[in-house]
Amino acid sequence: MLALKLATRSSAKSPASASCITQSPRGSSKNMTLITAPTTTATGSDVRVRFCPSPTGTPHVGLIRTALFNWAYARRTGGKFIFRIEDTDASRDSEESYGQLVEGLRWLGIDWDEGIDTGGPNEPYRQSERGHIYQDVIEKLKSSGHLYESFLTGEEIEQRNIANSRAVQLGYDNSERDLSEEDRQAYLSEGRKPALRLRVPDQDITFVDLVRGEITFPAGSFPDFVLVRPGGAPLYTLVNPVDDALMGVTHVLRGEDLLSSTPRQIALYNALVEAGVATFIPRFGHLPFVMGEGNKKLSKRNPESNLFLHRDRGFIPEGLLNYLALLGWSISADRDIFSLDELCENFEIENVNPNPARFDQKKADAINAAHIRLLTDEDFVARILPYLQSAGVIQGQPTARQLEILSAVAPLTKERVIVLGDVPAMIEFLFVDAADLKIDEDALKQLPENAVEIVSVAKASLESIEDFTTDAIHQALSDSLVDGLGEKPRNAFGPVRTAISGRRVTPPLFECMEILGKEQSLARLEAFVQSR
RNA sequence: GGUCCUAUCGACUAGCGGUUAGGUCAUCACCCUUUCAAGGUGAGAACACGGGUUCGAAUCCCGUUAGGACUACCA
């Protein structure tokens, strides 16, 4: 025990510890291998990060946050961002989901330097098309002695543990590391086919996590694990690190759920280096979970996990990404709103907070609203158009008059929505004829007794106006309703608003009347009086 | 069972040995106001617990407690 501590300490002090992997051999297995491969020292433009989702289901905001941080890290360092698809599980993967992943990243503006569609020096970027590559790597690992055949079934492994009074949960006992040739032949003659396991070094494995600092897994924390199925099909445990190695990935930024498998991957990387497949071990950084209600990881069942639901509601990429970045990272002590450029300029993986963060829809909404207000009027119009079209407010391409209305109402509307999906209901009345205007229940409910009187006085006072402008309208209505009838502004303008828009909440009333024009406005007031 | 991670207002966080513990969302109050927003001002609200190290601990160390992850011939 003392010797172990000394070993760890001295190795930490030695100059050789520029490598992040600390070695402290323990025990004395005949086949003991040690981790000797160097950890990458890549910085700046040598940085290579990747996003490698499995195409199962619709894109999840937690997944997007991972993509965002990898992307931001690449943009910050000047390195490369690789987009790879891990579609080796035909039963769960779907082409539809693959398409959604690509669509999602494109919509958000997260672009990649190598990968799907874009191509690059390490094609193909879909694992389902890389089968031949893995077979070659498996051969190299076999001939360098890092893999060994394992014939025991799960049931047999459990039996052995019971027989040896070893905890069943401990799993495999590495008992076939030195299988004799006779035993091997005996298994083969039974018609068994072996899985291939990695000979894991009997030593503590330490690495410096980019968000959590130094982490040590004691020797024996996990058994020799399977890399290849009986029959030769490679597993995720093999293909993920192999692809990273082949693609030269230097920094692996991924979810916290993979933290425990990192020592396994370091052991594999070491084997890969010794087998001549890789030249270094990457650095790892484990991002905190995105949580949902209670203390549970945000699951695909939670609607707020679905990227496209946010888009459909009217989140804009700037808002959603800003909020997602806030889940574990902050730009400064007193600022929450920032652009993607600012994120890329300031992102430091070392500043990511290791605690899990809860997804808060209210705050996400507030951040999105702030970004909508930052849009120029032209940009705002362009972005709300699809929402107006799908709500049926505008059919097909907008007319010149509709465009005119939109640009007039844009600055008024921008200030009072939290998502773009709020817009159609708010401005629909500007696009219908007086005869077709419907009056909402909640607008009617709060009308004063003398609503009809107010509206007809309003109409009379507006008829004489020459210039039908906001100021003139305001003046005329104030004179006739507030001064003339002695109504409070609230009581005076409420009925007019309802008659004009049919709604309780609208952009500012006088501006809306100016946009509608004198004829339309008066027609609506008249229609209201007639219908009561 | 084993291994690992985590712990600051209701939520997200700033803090990296000396702060009246700061900001944002949410909540409440007031101001502004033609509705709704936006904006302005203000209030309440946190260092999980126990030891240690130190002149001094939210900050470093240990333990406890509480969450969480992993422990597949899934990815």
Answer with base, sugar-phosphate or nothing: what part of the nucleic acid does [X] contact at a heavy-atom distance below 4.0 Å?
X	result
A/P489	sugar-phosphate
A/L259	sugar-phosphate
A/R212	sugar-phosphate
A/F217	sugar-phosphate
A/Q169	base
A/R503	nothing
A/G231	nothing
A/L327	sugar-phosphate
A/S501	nothing

Does [X] qualify as a cation-pi partner of [Y], given the criterion of NZ or CZ under 6.0 Å from the six-membered ring centre and within 45 degrees of its axis?
X	Y	answer
A/R184	A/F151	no
A/R197	A/Y172	yes
A/R126	A/Y98	yes

Parallel, tilted or perpendicular: ring planes of A/H474 versus A/F493, cut at 30 and 60 degrees: perpendicular
Euclidean distance, atom CG of residue A/L412 to atom C1' of B/A37 [Å, nearest integer]: 11 Å
Whole-Å distance separating the CG atom of A/N295 from the P atom of B/A66: 14 Å
Strictly by Watson-Crick or wobble contacts shorter than 3.5 Å, is anything paired with [N], and which nucleotide is it?
N	answer
B/U41	B/A29
B/A72	none
B/U20	none

Proximity to RNA chain B (any heavy atom under 4.0 Å), residues of residues 505-518 of chain A only: A/V505, A/T506, A/P507, A/P508, A/L509, A/F510, A/E511
Residues from residues 439-453 of chain A lying under 4.0 Å of RNA chain B - heavy atoms: none
